[in-house]
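One structure is given here, and the rest of the page talks about it.
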Amino acid sequence: MKILPQRAGGGMEMEQVIDRYQDMVYGLALAKTGNRADADDVFQEVFLAYYQSGKAFREEEHRKAWLLRTTVNQCRRIVGSTWRKKTVPLSEREEIPVLFREPEENEVWQAMQGLAEDYRLPLYLFYFQELSAQEIAKVLSIRPGAVRMRLSRGREQLRQALKGAYFDE
Amino acid sequence: MNKKLIESMRAQMTPGAEVRAALDAKLSEPVSQQSVRWRRGSAGLLTNWSGTAVSFSCGAVAVCAALLLCAYFWPGSDQVSLHSYTVMESGIAGYITENTAAIPESGLDTGAGGGAFIGALPPKGGDVPVQEQAAEAYQKLMEHFGDDYPAWYGGAYISEGDLLTVLLVESEDPGDKTLELQVLEWTDDGRVGFSTAKYSLTHLKGLMEQLNELSEQNAACREYMEGWGIDEESNRIELSLTEANEKVLSILSELDPEDDAIYVKVGQRASADLSEDPVSHTVQPGGAVVPEGKEPILEGKEPIAIEPWVDDVDGAHYDILPAEVEDLPEKKPGKVQSVPEEDMSASECFEIATSSCVPDASVPNQRDSFLEGGEDGI
């Protein structure tokens, strides 16, 4: 692989940044858009934006927060784009379902996708990215109290959808 | 949730190799040259143009110079650009220089001197307890600024719902939320919202200082400039003039070439309404108004009030009533007829009430106690 020019990073090479955060960005994009084609686009857009911004972060937490926030914004831009809605034929918009290896994984994924986005994203960031309520609040630009409320309600809805399965507590 | 399940799912939520390769390919491409913005003036034109266009630019500069010379010598071309202004029909309210003594308690720095200040944050410990959270967030934010405000800071104000709205100077990348995250971190995720602004607070403060100097050094400006202050909510300075003086407006136009950093209001200072008829009524001693068509009562010739005198009522018999009060009857009223008892046999309420009083035979204690009570009653 070619060595990428170090433009953004502040002491961390671009490739290292991608290696470190690609799963986080892609996972969040997948959770928000619900299909791999859009997640692929978001993934590329986020790291291109990061590369072109030339940002230097004093702390790694700031870089992580910036990438998460940009991912959310790019998802909104791609999913909510009127240009995309008008130009992509309906036949091509048939979304290929995200498939996991195990059936129970697919069951959990389907249950999560059935939740409203307000609940789905905090749950994803909490369980899959292991962010705190404070961090989720920053990523989603909402108050920590609202995050806790959404986590509580989302978890309850998820529990009902899964009929109580896969919950350790 | 089941942690192993989550970890297994997370491991599968990764971008494909083709996507990563496509990203790497895009990143390896040379960065497209960003277009350079045109700057004002011929010097800017020359510096921005490439070498191949130098000859063309020289020609263009020559044409521009010719046009400028023509414009200079053209009759009537000496018109000076004036700053725009708004005429306030209701007079100037606020911004009265006499009131400036109370300004420093408003909470925010408005620059030295000048006038009052709109959209101010509440005074610390003031009488606006609703805004305490936002004011606290503001104090936390200020703690992170040094002597000068950063270039990205456009000001702050408290909007409805106790929300501190921080103005961020417009950037080229609207998707960049680093500053928002930074401010949220500094304010401990207080009640903070964000909005964009064109001018930084530092720029507005610089303008304020220039206006202060103007009022001190220029007698014409001092005469017409009534008051001025930074309105952080509108991201501009509001300046009130007593008259739309061309000299002042031309100076303001130089200070604010884009005509949107200083909002100029022109109007007379608020005063008593002189359109009302002056008071022309004659007032008698004691404040009473003389009715129309009657002569006023002169002092010393007031009529003496005479009390009415009744011959047949003297002091000894003053409290005797003119008619005797009728005596109360000596006998007590007759026995009141008893009210006929209401037939409650058909009433559901009665049944419920009575049934609740009947003891349950299956409960011996209850029944016994009821019987005992009944016997006592008998």
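Below, chain A is the first sequence line, B the second, and so on; all start at residue 1.
A distance of 11.5 Å separates CE in B:Met9 from CD in A:Glu102, rounded to the nearest 0.5 Å. One finds the OH atom of A:Tyr51 at 11.0 Å from the CG atom of B:Leu23 (value rounded to the nearest 0.5 Å). Atom-to-atom distance recorded for B:Ile6:CD1 and A:Tyr124:OH is 10.0 Å, nearest 0.5 angstrom. Rounding to the nearest 0.5 angstrom, the gap separating the CD atom in B:Glu7 from the CZ atom in A:Phe128 is 10.5 Å. Once rounded to the nearest 0.5 Å, the distance linking CD of A:Glu104 with CG of B:Leu5 reads 6.0 Å.
Considering every non-hydrogen atom in both A:Trp66 and B:Thr178, the closest pair reads CD1-OG1, 2.9 Å. Of all heavy-atom pairs between A:Gln44 and B:Ala22, the closest is NE2-CB, 3.7 Å. Summarising the geometry of B:Lys26 relative to A:Leu48, their closest heavy-atom pair is CD-CD1, 3.7 Å, with the distance given to 0.1 Å. The two residues A:Phe100 and B:Gln12 make their nearest non-hydrogen contact at CA-OE1, 3.2 Å. Between B:Leu181 and A:Lys138, the closest heavy-atom pair is CD2-O, 3.6 Å.
B:Arg10 CZ: more than 12 foreign heavy atoms inside a 6.0 Å radius.
Using a 4.5 Å heavy-atom cutoff, the side chains of A:Val108 and B:Asn2 are not in contact. Using a 4.5 Å cut-off on side-chain heavy atoms (C-beta onward), B:Arg20 and A:Ile18 make contact.
For A:Arg101, the parts lying under 4.5 angstrom from a heavy atom of chain B are both the backbone and the side chain. Heavy atoms closer than 4.5 Å to chain B are found in both the backbone and the side chain of A:Ala65. For a residue to count as touching a neighbouring chain, one of its non-hydrogen atoms must lie under 4.5 Å from one of that chain's; by this rule B:Glu185 touches chain A with backbone and side chain alike. For A:Phe126, no part lies under 4.5 angstrom from a heavy atom of chain B.
Not counting sequence neighbours, the partners of A:Ser132 by the side chain to side chain contact (heavy atoms under 4.5 Å, CB included) test are A:Gln134, A:Glu135. B:Tyr199 meets the ring pair (Phe, Tyr, Trp, His ring centres under 6.0 Å) test with B:His203; sequence neighbours excluded.
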* Check the pair A:Glu105, B:Ser8 against side chain to side chain donor-acceptor pair (under 3.5 Å), reporting the backbone distance first and the verdict last. => CA-CA 8 Å; A:Glu105 293 169 353; B:Ser8 172; 2.3 Å; yes
* Intermediate values then yes/no, side chain to side chain contact (heavy atoms under 4.5 Å, CB included), B:Glu18 and A:Asp40 -> CA-CA 10 Å; B:Glu18 313 87 55; A:Asp40 289 348; over 6 Å; no
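Chosen from A:Ala137, A:Ala39, A:Ser141, A:Gly27, the residue pairing most often with chain B at heavy-atom distances under 4.5 Å is A:Gly27.
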